[in-house]
Amino acid sequence: MREVKEFPAWRVSGFLGLLLLLLTLFWLLWAGAGLFREGELFYLGHLALALLASLLLSAGLFTVQPNEAVALVFLGRYVGSVREEGFHLANPLAQRKRVSLRVHNFTSDKLKVNDAQGNPIEIAAVVVWRVVDSAKALFQVESYPFVCYLIAPPPPSSEAPGCG
């Protein structure tokens, strides 16, 4: 299994994509009006191409919220991540997977143990974590939030470590 590391995906501003989408919609209207007026196959070809272009452009537009990353997967292969918040245009055929980069908390259950003198005490752990590499979080582990629960097990002995 090869290790996947995060790298920036190809993308352009979503506003440029929106401008291109508006141009293709005008092209679509022009071709539809020409086909309606004159009924020539020339306009039918333009209509089909304009429709395809507008569908592809609209499928490629997406937003990234603050403290979020979007990993792009094209035909089963990781092609990069977008971390910059805002409006973007990327490969319209790529699947987009969102990953939260926010800080998460996990509080373990209380556990009754004895200290070195035999006094009973209760201990618990608070684990604070966040995703640093979106590609590793998505493709190196089965479920990255669940990993946090696995790394906070109770102490192996009945004596609290560091007490006494």
Side-chain angles (χ1 to χ4, degrees), residues 1-109 124-154:
M1 179 171 102
R2 75 178 178 98
E3 185 172 330
V4 178
K5 292 185 180 179
E6 181 178 274
F7 59 88
W10 176 89
R11 57 134 193 101
V12 294
S13 170
F15 296 106
L16 176 63
L18 194 60
L19 177 68
L20 291 173
L21 180 61
L22 287 173
L23 289 175
T24 58
L25 290 176
F26 284 129
W27 182 24
L28 188 67
L29 288 173
W30 171 80
L35 183 65
F36 183 72
R37 274 190 322 242
E38 299 177 22
E40 293 184 18
L41 289 179
F42 170 78
Y43 291 108
L44 185 61
H46 277 279
L47 186 70
L49 287 175
L51 183 63
L52 180 66
S54 61
L55 288 175
L56 286 175
L57 280 170
S58 63
L61 294 171
F62 65 98
T63 60
V64 178
Q65 302 298 324
N67 288 322
E68 182 181 61
V70 176
L72 301 175
V73 180
F74 180 64
L75 298 177
R77 185 178 191 100
Y78 171 69
V79 293
S81 294
V82 178
R83 282 179 165 252
E84 298 85 21
E85 59 194 50
F87 190 41
H88 304 281
L89 171 70
N91 184 345
L93 303 177
Q95 181 183 9
R96 294 184 282 275
K97 297 184 178 190
R98 297 184 179 274
V99 178
S100 174
L101 302 177
R102 294 179 176 94
V103 175
H104 300 275
N105 296 327
F106 164 67
T107 305
S108 69
D109 295 330
V126 176
V127 179
V128 179
W129 60 278
R130 72 179 184 96
V131 173
V132 177
D133 188 321
S134 62
K136 283 185 180 181
L138 286 172
F139 305 116
Q140 296 294 107
V141 294
E142 185 69 31
S143 174
Y144 69 91
F146 184 67
V147 171
C148 177
Y149 301 112
L150 295 178
I151 64 171

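One finds the CG atom of Leu22 at 12.0 Å from the CG atom of Leu28 (value rounded to the nearest 0.5 Å). For the atom pair CG of Leu72 and CZ of Arg11, the computed distance is 11.0 Å after rounding to the nearest 0.5 Å. Atoms CG and CG, on Leu49 and Leu44 in that order, are 10.0 Å from each other to the nearest 0.5 Å. Between Arg96 atom CZ and Thr63 atom OG1 the span is 9.5 Å, to the nearest 0.5 Å. Taken to the nearest 0.5 Å, the NZ atom of Lys136 stands 5.5 Å off from the NZ atom of Lys5. Once rounded to the nearest 0.5 Å, the distance linking NZ of Lys97 with CD of Gln95 reads 5.0 Å.
Considering only heavy atoms from C-beta on, Leu101 comes within 4.5 Å of Arg83 through its side chain. Residues Glu85 and Glu68 form no side-chain contact, since every pair of their non-hydrogen atoms from C-beta on lies 4.5 Å or further apart. Side-chain contact between Leu89 and Leu16 is absent, with no heavy atoms from C-beta onward closer than 4.5 Å.
For the residue pair Val70 and Arg98, the shortest heavy atom distance occurs at CG2-NH1, 3.6 Å. The two residues Ser81 and Ser134 make their nearest non-hydrogen contact at OG-OG, 3.0 Å. The two residues Phe74 and Asn91 make their nearest non-hydrogen contact at CD1-ND2, 3.4 Å. In terms of heavy atoms, Val131 sits closest to Ala137 at CG1-CB, 3.7 Å.
Looking at residues two or more places apart in sequence or on another chain, you find a ring pair (Phe, Tyr, Trp, His ring centres under 6.0 Å) between Trp30 and Tyr43, His46. His88 meets the ring pair (Phe, Tyr, Trp, His ring centres under 6.0 Å) test with Phe62; sequence neighbours excluded. Residues satisfying the side chain to side chain contact (heavy atoms under 4.5 Å, CB included) test with Ala135, not counting sequence neighbours, are Val4, Glu6, Tyr78, Asp133, Phe139. By the side chain to side chain contact (heavy atoms under 4.5 Å, CB included) test, Val132 pairs with no residue at all, sequence neighbours left out.
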Indicate every side-chain donor-acceptor pair of residues 50-58 with a distance under 3.5 Å to a residue at least two apart or in another chain.
| unit_1 | atom_1 | unit_2 | atom_2 | d |
| --- | --- | --- | --- | --- |
| Ser54 | OG | Ala50 | O | 3.0 |
| Ser54 | OG | Leu51 | O | 2.9 |
| Ser58 | OG | Ser54 | O | 3.1 |
| Ser58 | OG | Leu55 | O | 3.0 |

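Between the side chain of Ser108 and the backbone N or O of Ala125 there is at least one donor-acceptor pair closer than 3.5 Å.
Sorted by first then second residue, the salt bridge (Lys or Arg N to Asp or Glu O under 4.0 Å) pairs that include residues 22-45, not counting sequence neighbours, number zero.
Within a 6.0 Å sphere centred on CZ of Phe87, other residues, nucleotides and ligands contribute more than 12 heavy atoms. Environment of CZ in Phe7: crowded, with over 12 heavy atoms of neighbouring residues, nucleotides or ligands closer than 6.0 Å.
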